[in-house]
Each structure stands twice: as C-alpha cells, then as structure tokens.
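Quick caveat, the model's predicted, so the values are computed rather than measured. Order of appearance sets the numbers: ligands from 1, and atoms from 1 within every ligand.
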Amino acid sequence: MLFMVEMDVNIPLGFDADEAARLKAAEKARFQELQAAGTWRHIWRVVGRYANVSIFDVADNAALHDLLTTLPLFPFMTMRVTALCRHPSSAHDDDR
Ligand SMILES: O=C(O)C[C@H]1C=CC(=O)O1
C-alpha cells in the first residue's frame with residue numbers, strides 16, 4: 001500500500017546540539033536502509049521548511065505506524081498521512 005507522509009521536523013531551540021546531530025545521522029541511516037529496501041520510495045524537501053514529503057510502500061496501516069513511530073526523529077516530527085492508490089490513467093503499474 002502506498003502512503004504520502006508529510007513530515008515537519010521541530011527540534012526545540014536549545015536542544016543539545018550533539019544529540020540533535022546524532023539523531024539526524026541515525027535518521028539518515030534509517031532512511032537509506034528503507035530507501036534501499038524500496039519501502040521509503042520517494043522523498044522531497046519542502047522548500048523553505050525543515051520538512052519533507054515522502055512516499056512509503058508498506059503492507060498496511062499498522063506497518064506504516066510501526067515504521068514512522070520508530071524513526072529516530074519521530075519525537076520531534078509532526079506527520080500527516082494520506083493513503084494513496086493507483087490512478088486509472090497512470091502509466092506506472094507499480095503504483096498500488
Ligand atoms: O530531513 C528530513 O526531512 C527528516 C528526515 C527524513 C529523512 C531524513 O534523512 O531525515
């Protein structure tokens with residue numbers, strides 16, 4: 001199942017800089033694993049914000065919930081999830 005996830009990251013001012021750097025590095029490593037696995041299919045930066053729009057391909061709602069809530073930056077993220085399905089005019093057979 002495909003989902004669009006909009007993620008806004010808010011690390012509070014004054015948060016420990018080393019810990020923030022560690023969490024960002026862990027997030028990037030987890031992202032790269034999930035991208036290589038085809039689970040985190042796409043990511044775009046939202047211009048002018050510490051935010052992204054991503055496309056996930058997971059088995060079901062529970063799998064997405066488990067994945068998102070275990071991301072290293074999850075405690076600092078606001079997320080909006082939109083379920084997607086293939087558009088009948090799409091040329092991409094794997095959009096499902
Ligand atoms: O930078 C972000 O938008 C937050 C997060 C998502 C992927 C990643 O590497 O970091």
Side-chain angles (χ1 to χ4, degrees):
M1 295 174 68
L2 295 177
F3 293 90
M4 176 178 71
V5 182
E6 297 165 82
M7 303 181 193
D8 279 82
V9 185
N10 287 294
I11 298 176
L13 281 177
F15 188 79
D16 183 80
D18 290 342
E19 179 61 2
R22 190 191 68 76
L23 289 168
K24 287 179 189 178
E27 179 81 21
K28 184 175 181 179
R30 182 69 177 132
F31 163 73
Q32 288 173 333
E33 283 174 7
L34 292 165
Q35 186 179 46
T39 305
W40 197 327
R41 273 211 203 174
H42 300 285
I43 188 169
W44 292 271
R45 178 61 78 215
V46 178
V47 174
R49 288 169 32 206
Y50 188 4
N52 72 72
V53 175
S54 291
I55 303 295
F56 286 86
D57 186 358
V58 293
D60 54 26
N61 293 11
L64 182 67
H65 182 79
D66 290 347
L67 187 161
L68 295 178
T69 56
T70 56
L71 291 176
L73 285 175
F74 176 77
F76 304 101
M77 286 175 164
T78 302
M79 300 196 190
R80 192 166 72 161
V81 175
T82 304
L84 304 173
C85 66
R86 185 175 181 279
H87 191 284
S89 301
S90 173
H92 302 282
D93 290 338
D94 59 345
D95 282 352
R96 64 187 80 237

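- The heavy atom nearest to atom 4 (C) of ligand 1, considering only I43, N52, L23, is found in N52.
- Of the candidates E27, R45, R49, R45 brings a heavy atom nearest to atom 3 (O) of ligand 1.
- Within ligand 1, the atoms closer than 4.0 Å to a non-hydrogen atom of Y50 are 1 (O), 2 (C), numbered from 1 in the order shown.
- Contact annotation: for W44 versus ligand 1, there are no heavy atoms closer than 4.0 Å.
- Contact of the L68 side chain with the M77 side chain is not registered, since no non-hydrogen atoms from C-beta on lie closer than 4.5 Å.
- Between R86 and D93 there is a salt bridge, with a side-chain nitrogen of the basic residue lying less than 4.0 Å from a carboxylate oxygen of the acidic one.
- Within the structure, ligand 1 lacks R30 among the residues with a heavy atom less than 4.0 angstrom away.
- Of all the heavy atoms of K24, none lies under 4.0 Å from any atom of ligand 1, so neither backbone nor side chain is involved.
- Side chains of L71 and F31 form no contact here, defined as non-hydrogen atoms less than 4.5 Å apart.
- Judged by the shortest distance from any of its heavy atoms, K28 lies inside the 4.0 Å radius around the atoms of ligand 1.
- Ion pairing of R22 with E19 is present here, as a side-chain N (NZ or NE/NH1/NH2) and a carboxylate O approach within less than 4.0 Å.
- Under the 4.5 Å side-chain heavy-atom criterion for Ile, Leu, Val, Met, Phe, Trp and Tyr, M79 and M4 are members of distinct hydrophobic clusters.
- F15 and F76 have perpendicular rings, their planes meeting at more than 60° on a 0 to 90° scale where under 30° would count as parallel.
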